[in-house]
Amino acid sequence: MARHLITSAIPYINGIKHLGNLVGSQLPADLFARYQRARGNEVMFLCATDEHGTPAELAAAKAGKPVAEYCAEMHDVQARIAEGFRLSFDHFGRSSSVQNQKLTQHFAGRLADEGLIREVSETQMYSNADGRFLPDRYIEGTCPNCGFESARGDQCDNCTKQLDPAELINPYSTISGSTDLEARETKHLHLRQSEMREKLADWIDSKHDWPVLTTSIAKKWLNDGDGLQDRGITRDLDWGVPVMKGDEPWPGMEGKVFYVWFDAPIEYIAASQEWVDAGKGDNWERWWRTDKGADDVTYTQFMGKDNVPFHTLSFPVTIFGSGEPWKLVDYIKSFNYLNYDGGQFSTSRGRGVFMDQALEILPSDYWRWWLLSHAPESSDSEFTWEQFQGSVNKDLADVLGNFVSRVTKFCRSKFSEAVPEGAEYGEDELKLIEELTTRVRAYEDHMAKMEVRKSAQELRAIWVAGNEYLQTVAPWSTFKTDPDKAAIQIRLALNLIPFYAVLSAPFIPDASTSLLESLNAQDAEWPDDVATTLSKLQPGHAFTVPEVTFRKITDDERDEWQAQFAGSRD
RNA sequence: GGCGCGGUAGCUCAGUUGGUUAGAGCGAUCGACUCAUAAUCGAUAGGUCGGGAGUUCAAGUCUCCCCCACGCCA
């Protein structure tokens, strides 16, 4: 039995994510986790909310709540929505957990001991009115180069000149609008990533089977310009992991916290500690420490392309640099962006469908199927309502749903609500089993390689094969002359339903469950041998004709939703 | 400005290390069937693979130039 550690990029706490975020990490990770479990492998599937940083503080202030309270509430909201989409995390943690604080401080201490951290003094803008240092992008002013009045502290959007906040004329805080700013000296810790350049480059070069998207982004950061740069890993904020060297105070770093991108990936590990502390398991180290049983673990990370640099470079620096035997990622599956109806999803403009809204309109299976079967694997892809409607209606309602319907209703009307007796298999039956065997093996192969779209395509072909078979043998006409033969045809067709349910479960778990219930076949297993699986339901086995498994989306609904989600979420 | 990913049938997308008449699903047209959620199955039509030049016996697939879209960075 193989062991799979699977993590999805952790969504930022600030607000509800859109469908593009979902399909870029959590959903394909869930598909893979469900598949591996279905194959009898041991799985640890982790995710969390990423809670630190300035945006969380600002969002909390806007909501009029203390940031800790705000994060706790938003974590629950995101956890509930994740459940709604049937994301089967073993644990959905929080980067603000005590476990992550301690572990982050531990890693920082180790890195310092290994000589990979240096202290740097720099000048940053402090806002007296806001009572805080301001990140560059929260400062605006007049561009010294072109006179543009809303130039950002890091760059002028008008003339694209790269700026330092101190250069701006009449700078002001975009948080409060205050012009009461002053440059202050402050000390920060930098992670000496450049020291690790060679090691990282060798490691990336050894990954021949990783998606091009993953390796090309990593190589770009390794080789561009002067190569991989050192990176500040601390901030002058209140909300975050306090800077400590392991258990010890860090002289000169009082009142500072680690940068959100330093502690966020460490939460992958901390989440498994939270999992133990929540009483869901008793040994997290066998997943993460190669000296304590994790050497046989296969670790796969899922993420959108914007997260690739942190997972291919920064986090590995933390792992390598610690000098401790932590489990390093084996495979990084990255995704491009999903666009919405001719443009981008936009959180600020409320353009596109957000996770909570999606569930209000339709059950999660409908979204899971479309999103996964159109996952942006090799290039950016596009959501359109026409495509969504077509895919749901044709694939789910017509090909799969209607198959179940025609078979069960035919059986009920010609025989009874139980599997009929019937004769022996003929040529058509053997041919079907042979085709399905080939297709199931191909499906397994695609799923194991995380080829999401190809998997969906193969699964659909498996559904179609059932309709083809029925069309060929036509039990409705066979029945008139040879009821026994019609009975064996229908018996096989009935057996296809739990077979489909098991194979489809990673994509559409709810429909799968309800089909198994209707067919009274909750114990159905993965079809290692197709012929055996398809004779599981014996003559006399009672079932009930299921309700409509998937309903269709009407043209009116499609038009209504298209208008509803075109912009400006309230 | 630099870099990155792309530009393949009306639409959404596949096309391994260059190799026979460029593929899938949807949509369209025609036909078959009538058990079923006006469902299903089959067939057909539709592409000078962004443009140009080059390498090669052979290029959607490699090289160079250009155009377009998107993204990232400073």
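Naming: A, B, ... by sequence-line order, numbering from 1 per chain. Since the model is a prediction, treat every value here as computed from it, not as a measurement.
For A/W463 and A/S504, the side-chain atoms include at least one donor-acceptor pair closer than 3.5 Å. Checking A/N21 against A/Q26 by side-chain atom types alone, no donor-acceptor pair falls below 3.5 Å. Between the side chains of A/D236 and A/T186, a donor-acceptor pair is found at a separation under 3.5 Å.
Comparing A/E382 and A/L470 by the nucleotide of RNA chain B that holds the closest heavy atom to each, the one mapping nearer the 5' end is A/E382. With RNA chain B read from its 5' end, the first of the two nearest nucleotides for A/N393 and A/S405 is the one closest to A/S405.
In this pair, A/F479 and A/F410 present their aromatic rings perpendicular. The plane angle is above 60°, beyond the 30 to 60° band. Relative orientation of the A/F383 and A/Y340 rings is parallel, given thresholds of 30° and 60° on the angle between their planes. Note: A/F565 and A/W385 have parallel aromatic rings, judged against thresholds of 30 and 60 degrees for the angle between ring planes.
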key: Dot-bracket encoding of pairs in RNA chain B, which uses [ ] for pseudoknotted crossings and | for another strand, Watson-Crick or G-U under 3.5 angstrom   = ((((.((..((((.....[...)))).(((((.......))))).....(((((..]....))))))).)))).
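Taking the P atom of each, B/A39 and B/G23 are spaced 30 Å apart, rounded to whole Å. B/G18 and B/U34 have their C1' atoms separated by 50 Å, given to the nearest Å. Rounded to a whole angstrom, the distance from the C1' atom of B/C13 to that of B/G27 is 14 Å. B/A43 and B/A58 have their P atoms separated by 36 Å, with the value rounded to a whole Å. Using atom P as the reference point in both B/A22 and B/A45, the two lie 13 Å apart (nearest Å). B/C5 and B/U44 have their C1' atoms separated by 36 Å, with the value rounded to a whole Å. Between B/U61 and B/G6, the distance separating the two P atoms is 13 Å to the nearest Å. Comparing the P positions of B/U56 and B/G42 gives a spacing of 46 Å, expressed to the nearest Å.
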For nucleotides 22-27 of chain B, give me every protein contact, N/O to N/O, under 3.5 Å, one pair per line with atom names.
| unit_1 | atom_1 | unit_2 | atom_2 | d |
| --- | --- | --- | --- | --- |
| B/A24 | O2' | A/Q457 | NE2 | 3.3 |
| B/G25 | O3' | A/R460 | NH2 | 3.1 |
| B/C26 | OP1 | A/R460 | NH2 | 3.4 |

Close N/O contacts between protein and nucleotides 32-34 of chain B (under 3.5 Å):
| unit_1 | atom_1 | unit_2 | atom_2 | d |
| --- | --- | --- | --- | --- |
| B/C33 | O2' | A/W476 | NE1 | 3.3 |

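In the set B/U37, B/C35, B/C41, B/C35 carries the atom at the smallest distance from any side-chain atom of A/R406. Residue A/K409 places its side chain closer to B/U37 than to any other of B/C35, B/U37, B/U40. Candidate nucleotides B/U12, B/U40, B/U37 were compared by shortest atom distance to the side chain of A/V548, and B/U37 ranks first.
The base of B/A36 is paired with the side chain of A/N402 by a donor and an acceptor separated by under 3.5 Å.
Using a 4.0 Å heavy-atom cutoff across all strands shown, A/V464 reaches sugar-phosphate atoms only and no base atom. Among the atoms of the strands shown, base atoms are found under 4.0 Å from some heavy atom of A/F550. Looking at heavy-atom distances under 4.0 Å, A/N467 makes contact with sugar-phosphate atoms alone, never a base. Counting any heavy atom pair closer than 4.0 Å across all strands shown, A/T549 reaches a base atom.
In this structure, A/R558 places its CZ atom 15 Å from P of B/U12, rounding to the nearest Å. Atoms CG (A/N307) and P (B/G71) sit 18 Å apart, rounded to a whole Å. The distance between atom CZ of A/R551 and atom C1' of B/A36, rounded to the nearest whole Å, is 19 Å. The nearest whole Å value for the distance from the CG atom in A/D306 to the C1' atom in B/G71 is 11 Å. In this structure, the CD atom of A/E458 is 17 Å from the C1' atom of B/C13, given to the nearest Å. Distance OH (A/Y337) to C1' (B/C13): 20 Å, rounded to an integer number of Å. Rounded to an integer number of Å, the gap from CD of A/E557 to C1' of B/U37 is 14 Å. Regarding A/F383, its CZ atom lies at a distance of 14 Å from the C1' atom of B/C11, rounded to whole Å.
Remark: of the listed residues A/K454, A/R453, A/K333, A/K449, A/K333 is the sole one forming a salt bridge (charged side-chain N to carboxylate O under 4.0 Å, His left out) with A/E377.
The pair A/R118-A/E195 fails the salt-bridge criterion, with no side-chain N (NZ, NE, NH1 or NH2) lying under 4.0 Å from an Asp/Glu carboxylate O. Ion pairing between a basic and an acidic side chain is recognised when a charged N comes within 4.0 Å of a carboxylate O; A/D510 and A/R368 show no such pairing. Salt bridge A/R439/A/E435: present, at least one basic N to carboxylate O contact under 4.0 Å.
If you look at A/F315 and A/F310, their ring centroids are not closer than 6.0 Å. Between A/F403 and A/Y500, the distance from one ring center to the other falls under 6.0 angstrom.
With values rounded to the nearest 0.5 angstrom, A/D395 atom CG is found 11.0 Å from A/F507 atom CZ.
For NZ of A/K485, the number of neighbouring non-hydrogen atoms (other residues, nucleotides, ligands) closer than 6.0 Å is 12 at most.
At B/G4, none of the side-chain N or O atoms of A/K305 fall inside 4.0 Å of OP1 or OP2 (strictly under the cut-off).
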